[in-house]
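Given the structure is predicted, the values throughout are model-derived calculations rather than measurements. Throughout, protein chains are lettered first and strands after them, A, B, ... in sequence-line order, and every chain is numbered starting at 1.
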There are 2 protein chains.
Amino acid sequence: MLKGVTVRSDSAGGRGPDPAAPGRRELNKVRTREAIVGALRELVAEVPAADVTVDQVAERAGVSRRTFFNYFGSIPAVLSAVFADHAAAMIARLDPEVIGDDPVTALRGLTRTHGIPEDLLGWFVALNRHAADTDATVLLERTVWADMAAWLRERLHDTLPEADPLFVATLASAVMSCFQATEEAWLKDLDVDRPQQLSPADVTRFHDHLDRALGLLADGWRSPSA
Amino acid sequence: MLKGVTVRSDSAGGRGPDPAAPGRRELNKVRTREAIVGALRELVAEVPAADVTVDQVAERAGVSRRTFFNYFGSIPAVLSAVFADHAAAMIARLDPEVIGDDPVTALRGLTRTHGIPEDLLGWFVALNRHAADTDATVLLERTVWADMAAWLRERLHDTLPEADPLFVATLASAVMSCFQATEEAWLKDLDVDRPQQLSPADVTRFHDHLDRALGLLADGWRSPSA
DNA sequence: GTGCAATTTTGCACACCGTGCAGGGTTTCG
DNA sequence: CGAAACCCTGCACGGTGTGCAAAATTGCAC
């Protein structure tokens with residue numbers, strides 16, 4: 001089991017005692033988690049996402065099958081966790097005052113000022129690199145988006161405790177469907193020549209699509225045709 | 001997906017068009033389909049929905065495990081099919097002119113004039129009768145709602161070919177989340193004393209909740225608090 | 001250092017899921 | 001009637017997700 005690097009209590013140098021030092025235990029957990037995510041990322045680039053099995057991910061991550069399930073409940077759960085991490089970083093920048101006043105515009109402005117993590121766009125491309133197996137991959141992504149909607153719903157509920165739960169639920173779902181539709185449109189344009197590396201223009205185009213999608217929400221529901 | 005009965009459509013080896021002749025074969029297919037749905041309905045009332053297994057459904061329906069999978073791809077797929085049947089009956093009553101003008105109001109008016117099939121409300125109650133296993137049941141229902149959103153999206157796309165796909169996707173998702181939130185709120189009120197039979201007042205209360213939810217959509221997004 | 005307690009990893013077992021395949025029974029129609 | 005088309009069924013197989021207990025690892029105090 002590759003038990004290299006026998007480390008002794010480092011205490012290297014005379015640096016500060018680091019009271020809140022994570023400890024090897026916590027560090028290992030982070031390391032394993034990242035290994036699993038990284039392994040999935042690699043595999044998804046090689047074979048259709050829906051064909052990736054837990055065993056493959058576990059083996060490439062260098063852990064047992066059982067350990068994978070100690071960290072994530074399923075493969076979609078890994079994706080949801082990655083997406084949620086990015087989303088959490090974005091939400092953290094929200095100004096509570098602004099979002100309370102006009103949530104859609106606030107969320108819209110968020111993506112305009114801070115942009116979308118490029119890593120996330122990379123996942124979108126990877127997940128759709130092998131379009132052979134359309135049906136199952138669509139299903140997989142749908143569950144992830146539904147997960148994200150539930151996640152956003154809770155975040156909004158935390159941020160706007162006064163808001164009508166019905167409003168929060170509907171808003172979260174609508175916002176995530178904007179992301180979903182944006183991803184689809186964006187990938188469609190990207191489909192012609194799928195690059196290994198995303199160009200800055202690709203990133204900009206994603207932002208444009210998303211802005212237009214959220215604009216539909218902000219502008220109301222009475223203009224169905226483009 | 002709603003992968004319906006793939007049991008091969010008839011194609012009648014003979015030349016004659018033979019119009020409205022159901023045929024014994026077709027009748028049997030309908031019968032077993034209803035047997036499967038009925039078996040699930042019964043089981044869901046007895047044990048937590050997430051604990052129902054395919055084997056149980058198949059046995060109670062009087063068919064083999066394998067036959068179940070010939071009709072439905074999974075248990076959530078059964079629910080999605082049932083829901084979609086009801087939804088299709090409602091959508092069929094939509095006036096294309098009205099929906100093209102103001103889709104949300106059109107859908108809202110639909111539920112007000114024609115109501116919600118009581119059978120559907122019965123499913124809501126049955127699916128949540130055993131709240132013990134909250135987590136898994138929520139997950140199960142979430143997949144059904146996501147399925148329905150995809151279904152509604154396709155219906156809207158058929159009804160409004162001119163509409164912006166982004167608008168259609170967002171609208172479908174938002175509408176279904178209204179139903180989802182309505183179901184939650186409705187069941188919560190019902191929770192105190194859960195009756196075996198639904199009273200007319202219960203039905204009315206569902207309509208009120210739904211109308212308020214869809215009203216949030218129609219009124220726009222700038223009023224987060226109740 | 002050493003030993004013990006807490007925690008994590010791992011292998012194993014088990015029930016369940018979803019599908020391909022082939023045999024057998026039933027319906028349809030010439 | 002008889003062949004063809006069709007549907008049901010059992011079987012097998014790979015995959016999923018979880019409980020359980022043994023083994024390995026880490027934290028901590030002596």
Side-chain angles (χ1 to χ4, degrees), chain A residues 1-11 17-33 35-36 40 43 47-59 61-78 133 135-136 139-140 143, chain B residues 1 3-18 21-33 35-36 40 43 47-59 61-78 133 135-136 139-140 143:
Chain A
M1 195 212 55
L2 281 186
K3 53 174 163 187
V5 209
T6 61
V7 225
R8 36 170 299 140
S9 329
D10 45 297
S11 71
D18 263 5
R24 226 184 288 295
R25 210 148 216 153
E26 294 301 318
L27 287 180
N28 270 343
K29 269 163 58 168
V30 172
R31 203 165 52 81
T32 305
R33 192 190 145 99
I36 291 174
L40 178 57
L43 284 167
V47 300
D51 290 356
V52 177
T53 70
V54 172
D55 300 73
Q56 293 169 359
V57 177
E59 183 176 1
V63 298
S64 74
R65 189 184 111 83
R66 193 61 184 82
T67 297
F68 173 93
F69 283 112
N70 283 344
Y71 280 78
F72 300 96
S74 64
I75 285 182
V78 181
D133 174 17
D135 231 24
L139 189 60
L140 186 152
T143 72
Chain B
M1 298 318 160
K3 174 173 59 173
V5 188
T6 48
V7 200
R8 204 161 316 190
S9 37
D10 67 340
S11 80
R15 64 213 44 99
D18 209 21
R24 177 132 191 183
R25 207 141 218 161
E26 295 300 319
L27 287 180
N28 270 343
K29 271 162 49 170
V30 172
R31 204 164 53 81
T32 53
R33 189 190 147 101
I36 291 173
L40 179 57
L43 284 167
V47 300
D51 291 354
V52 177
T53 69
V54 172
D55 300 72
Q56 293 170 0
V57 178
E59 183 175 1
V63 298
S64 74
R65 189 183 109 86
R66 192 62 184 82
T67 297
F68 173 93
F69 284 112
N70 281 343
Y71 280 79
F72 301 96
S74 63
I75 285 182
V78 181
D133 174 17
D135 231 22
L139 189 61
L140 186 151
T143 72

Original post:
Of the non-hydrogen atoms in B:A35 and B:A61, which two are nearest, and what is the gap between them?
Top reply: O-CB, 3.6 Å
Check: protein-nucleotides 1-4 of chain D nitrogen or oxygen pairs below 3.5 Å:
none

Original post:
Is the distance from OP1 or OP2 of C:dT9 to the nearest side-chain N or O of A:T67 less than 4.0 Å?
Top reply: no
Original post:
Taking atom CG of B:L140 and atom CG of B:D135, what is their separation to the nearest 0.5 Å?
Top reply: 12.0 Å
Original post:
For D:dT26, does either OP1 or OP2 sit under 4.0 Å from a side-chain N or O belonging to A:N28?
Top reply: yes
**OP:** Using whole Å, report how far CD of A:E59 lies from P of D:dG14.
**Re:** 16 Å
**OP:** In sequence, state the C-alpha distance, the side-chain angles, and the governing distance for B:I75 and B:V57, and then conclude on side-chain contact (heavy atoms from CB on, under 4.5 Å).
**Re:** CA-CA 9 Å; B:I75 285 182; B:V57 178; 4.2 Å; yes
Original post:
If you measure from CG on A:D51 to CG on A:L43, what distance do you get to the nearest 0.5 Å?
Top reply: 11.0 Å
Original post:
Among side-chain atoms of B:R25 and B:N28, is any donor-acceptor pair under 3.5 angstrom?
Top reply: no
Original post:
B:F68 versus B:V78: any side-chain heavy-atom pair under 4.5 Å?
Top reply: yes
Subject >> Interatomic distance, A:S64 atom OG to A:N70 atom CG [nearest 0.5 angstrom] >> reply: 7.5 Å
Original post:
Is there side-chain contact between B:D55 and B:E59, with at least one heavy-atom pair below 4.5 Å?
Top reply: no
Subject >> Straight-line distance of B:Y71 OH to B:T32 OG1, nearest 0.5 Å >> reply: 2.5 Å
Original post:
Just how far, in rounded Å, is C1' of C:dC16 from CG of B:L140?
Top reply: 15 Å
**OP:** Measure from CG on A:D135 to P on C:dG18 and round the result to the nearest Å.
**Re:** 14 Å
Kindly give the atom pairs (protein nitrogen or oxygen, nucleotide nitrogen or oxygen) under 3.5 Å for nucleotides 5-8 of chain C.
unit_1 : atom_1 : unit_2 : atom_2 : d
C:dT7  : O2     : A:R25  : NH2    : 2.8
C:dT8  : OP1    : A:K29  : NZ     : 3.1

Subject >> Side chain proximity check, B:V52 to B:V47, heavy atoms < 4.5 angstrom >> reply: yes
Enumerate all atom pairs, one protein N or O and one N or O from nucleotides 16-18 of chain D, separated by less than 3.5 Å.
unit_1 : atom_1 : unit_2 : atom_2 : d
D:dT16 : OP1    : A:V54  : N      : 3.2
D:dT16 : OP2    : A:V54  : N      : 3.4
D:dT16 : OP2    : A:D55  : OD1    : 3.3
D:dG17 : N7     : A:R65  : NH2    : 2.7
D:dG17 : O6     : A:R65  : NH2    : 2.9
D:dT18 : O4     : A:R65  : NH2    : 3.4

